[in-house]
2 protein chains.
Amino acid sequence: MDKPPRPSRKEVFLNYKIWLSSLTGHGQIENDTYQLLEIIDSKGTLRAAAEDAGMSYRKAWGKITSAEDILGYPLLEKHRGGKNGGNSTLTPASHKLLEAYRALQQRFDDSIEEAFNDFVKNLNKQSE
Amino acid sequence: MDKPPRPSRKEVFLNYKIWLSSLTGHGQIENDTYQLLEIIDSKGTLRAAAEDAGMSYRKAWGKITSAEDILGYPLLEKHRGGKNGGNSTLTPASHKLLEAYRALQQRFDDSIEEAFNDFVKNLNKQSE
DNA sequence: TTTCGTTATGTTTACAAAATCATATCGAAT
DNA sequence: ATTCGATATGATTTTGTAAACATAACGAAA
């Protein structure tokens with residue numbers, strides 16, 4: 001026998017976002033900033049990292065300085081001038097931030113998955 | 001003896017947000033929508049609920065229809081006309097959604113609090 | 001059959017956020 | 001001293017989102 005027609009349900013997705021902010025709420029440090037830091041770490045310059053990440057230098061620079069403002073300490077040792085124009089390297093605090101963030105993100109991913117499974121189970125319960 | 005001066009660290013806050021979306025990504029169902037549903041449930045009309053929630057009727061209506069679009073089924077039984085102008089009541093599916101969401105939120109809050117603490121602990125580790 | 005308060009929705013305006021543009025500064029190497 | 005490529009930053013333009021405005025439709029009750 002055929003199942004009776006049900007209200008057409010669409011597939012839904014559970015999303016999340018985490019970010020750091022200061023008390024003032026001006027600006028936030030989120031995923032793209034951490035990514036940027038990682039690329040700077042491998043490329044050696046903010047400019048190259050910006051291009052690599054598909055954003056303008058202006059934007060990338062803004063993200064870094066904004067993050068530094070929020071935290072109250074520098075994330076990059078910036079050098080300018082010289083034959084190669086300059087370069088940027090991550091500070092120790094920056095490396096530590098990155099590491100801590102990645103661990104946090106992993107845990108979020110895990111608990112989101114669990115929680116969402118239960119959520120869907122709840123929704124479908126006693127519907128059939 | 002005085003503590004040596006340290007790089008001035010500001011207090012930072014970790015924020016997060018969860019929401020439901022469809023495959024298309026158009027629109028999202030987040031906390032304020034669930035709140036709205038709860039108020040409708042107690043007030044009886046979308047209009048009264050909107051005012052109570054401090055948003056325009058237009059906005060509240062948009063949130064509800066957007067949520068319905070994402071889910072693919074109605075959240076409200078809307079009646080218009082009549083002496084009292086009309087009213088709205090939650091569908092059974094709507095009640096179930098609310099319940100499931102609240103459970104999700106609770107779970108999430110719990111498991112995330114730990115993660116936050118560990119994050120801060122990581123950041124401060126080996127700094128002194 | 002008029003009324004009244006609600007649901008329903010297109011249109012326009014205002015504002016905020018983001019992208020783009022323009023330009024200055026720096027300093028090791030040549 | 002000049003050059004060159006990166007850092008540094010103000011100013012302008014564009015765009016996208018949210019709020020505000022306006023107006024129609026509905027139907028039970030009087």
Side-chain angles (χ1 to χ4, degrees), chain A residues 15 17 19 21-22 24-33 35-37 39-70 73-91 94, chain B residues 15 17 19 21-22 24-33 35-37 39-70 73-91 94:
Chain A
N15 314 273
K17 176 185 150 180
W19 71 97
S21 68
S22 68
T24 68
H26 289 300
Q28 47 194 58
I29 308 175
E30 49 182 308
N31 202 260
D32 55 1
T33 303
Q35 278 179 246
L36 195 56
L37 285 175
I39 305 180
I40 295 170
D41 199 32
S42 72
K43 294 274 175 180
T45 73
L46 179 52
R47 175 151 250 113
E51 186 180 10
D52 207 75
M55 65 177 87
S56 68
Y57 172 83
R58 185 67 178 80
K59 180 175 178 179
W61 179 83
K63 283 189 179 294
I64 296 296
T65 57
S66 164
E68 291 177 331
D69 283 350
I70 291 169
Y73 55 84
L75 293 173
L76 296 181
E77 260 179 38
K78 301 147 200 158
H79 307 280
R80 57 181 183 176
K83 177 192 178 185
N84 298 100
N87 68 86
S88 296
T89 62
L90 303 213
T91 61
S94 186
Chain B
N15 315 274
K17 176 184 147 182
W19 71 96
S21 70
S22 67
T24 69
H26 289 300
Q28 48 195 56
I29 309 176
E30 49 184 309
N31 202 262
D32 55 2
T33 303
Q35 279 179 246
L36 196 56
L37 285 175
I39 305 181
I40 295 170
D41 199 32
S42 72
K43 293 274 176 179
T45 74
L46 178 54
R47 176 151 249 115
E51 186 181 10
D52 206 76
M55 66 176 84
S56 68
Y57 171 83
R58 186 66 178 81
K59 181 175 178 180
W61 180 84
K63 282 189 179 296
I64 295 297
T65 56
S66 164
E68 290 176 333
D69 282 350
I70 290 170
Y73 54 86
L75 292 173
L76 295 182
E77 260 179 39
K78 301 146 200 157
H79 307 281
R80 59 180 182 175
K83 177 192 178 184
N84 299 100
N87 67 86
S88 295
T89 62
L90 304 213
T91 62
S94 186

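Here is how names work: the chains are called A, B, and so on, in the same order as the sequence lines, proteins then strands, and each is numbered from 1. What you see below is based on every heavy atom in this structure, not just the backbone, and it leaves out hydrogens, waters and symmetry mates. Values in this document were obtained by computation on a predicted structure and should not be read as measured data.
A straight line from CG of B:Asp52 to C1' of C:dT6 spans 17 Å, rounded to a whole angstrom. Between the CE atom of A:Met55 and the P atom of C:dA18 there is a distance of 12 Å, given to the nearest Å. Computed from coordinates, the B:Glu51 CD to C:dG5 P distance equals 14 Å when rounded to whole Å. Taking atom CG of B:Asp32 as the reference point, atom C1' of D:dA19 lies 15 Å away to the nearest angstrom. Counting to the nearest Å, the C1' atom of C:dA19 and the OH atom of A:Tyr57 are 16 Å from each other. Between the NE2 atom of B:His26 and the P atom of D:dT17 there is a distance of 10 Å, rounded to whole Å. Straight-line distance from the CG atom of B:Leu46 to the P atom of C:dT9: 12 Å, rounded to whole Å. For B:Lys78 and C:dT9, the NZ to C1' distance is 13 Å, given to the nearest whole Å.
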Inset, instruction - In sequence, state the C-alpha distance, the side-chain angles, and the governing distance for B:Leu76 and B:Leu90, and then conclude on side-chain contact (heavy atoms from CB on, under 4.5 Å). - result: CA-CA 5 Å; B:Leu76 295 182; B:Leu90 304 213; 3.3 Å; yes

Inset, instruction - Take B:Gln28 and A:Asn15 through the side-chain contact (heavy atoms from CB on, under 4.5 Å) test and state the conclusion after the steps. - result: CA-CA 9 Å; B:Gln28 48 195 56; A:Asn15 314 273; over 6 Å; no

Inset, instruction - Using a 4.0 Å cut-off on protein heavy atoms (strictly under), produce a 5'-to-3' string for nucleotides 20-29 of chain C with B for base contact, S for backbone-only sugar-phosphate contact, and - for none. - result: BB---BBBBS

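Panel note: side chain A:Thr91, backbone A:Pro74; a donor-acceptor pair is recorded below 3.5 Å. Proximity of a side-chain donor or acceptor of B:Glu68 to a complementary backbone N or O of B:Leu75 within less than 3.5 Å is detected.
Taking CD1 of A:Ile40 as the reference point, atom CG of A:Asn87 lies at 11.0 Å (rounded to 0.5 Å). In this structure, CD1 on A:Ile39 lies 11.0 Å from OG1 on A:Thr45, to the nearest 0.5 angstrom. Distance CD1/B:Ile64 to OG/B:Ser88: 8.5 Å, rounded to 0.5 Å.
For B:Thr45, the listed nucleotide lying nearest its side chain is C:dT6; candidates were C:dA8, C:dT6, D:dA8.
Sparse packing is recorded around NZ of B:Lys43, with 12 or fewer heavy atoms of other residues, nucleotides or ligands lying under 6.0 Å away. Residue-environment remark: CD (A:Glu51) stays at or below the threshold of 12 foreign heavy atoms within 6.0 Å.
Remark: nothing in residues 62-70 of chain A comes within less than 4.0 Å of DNA chain D through any heavy atom.
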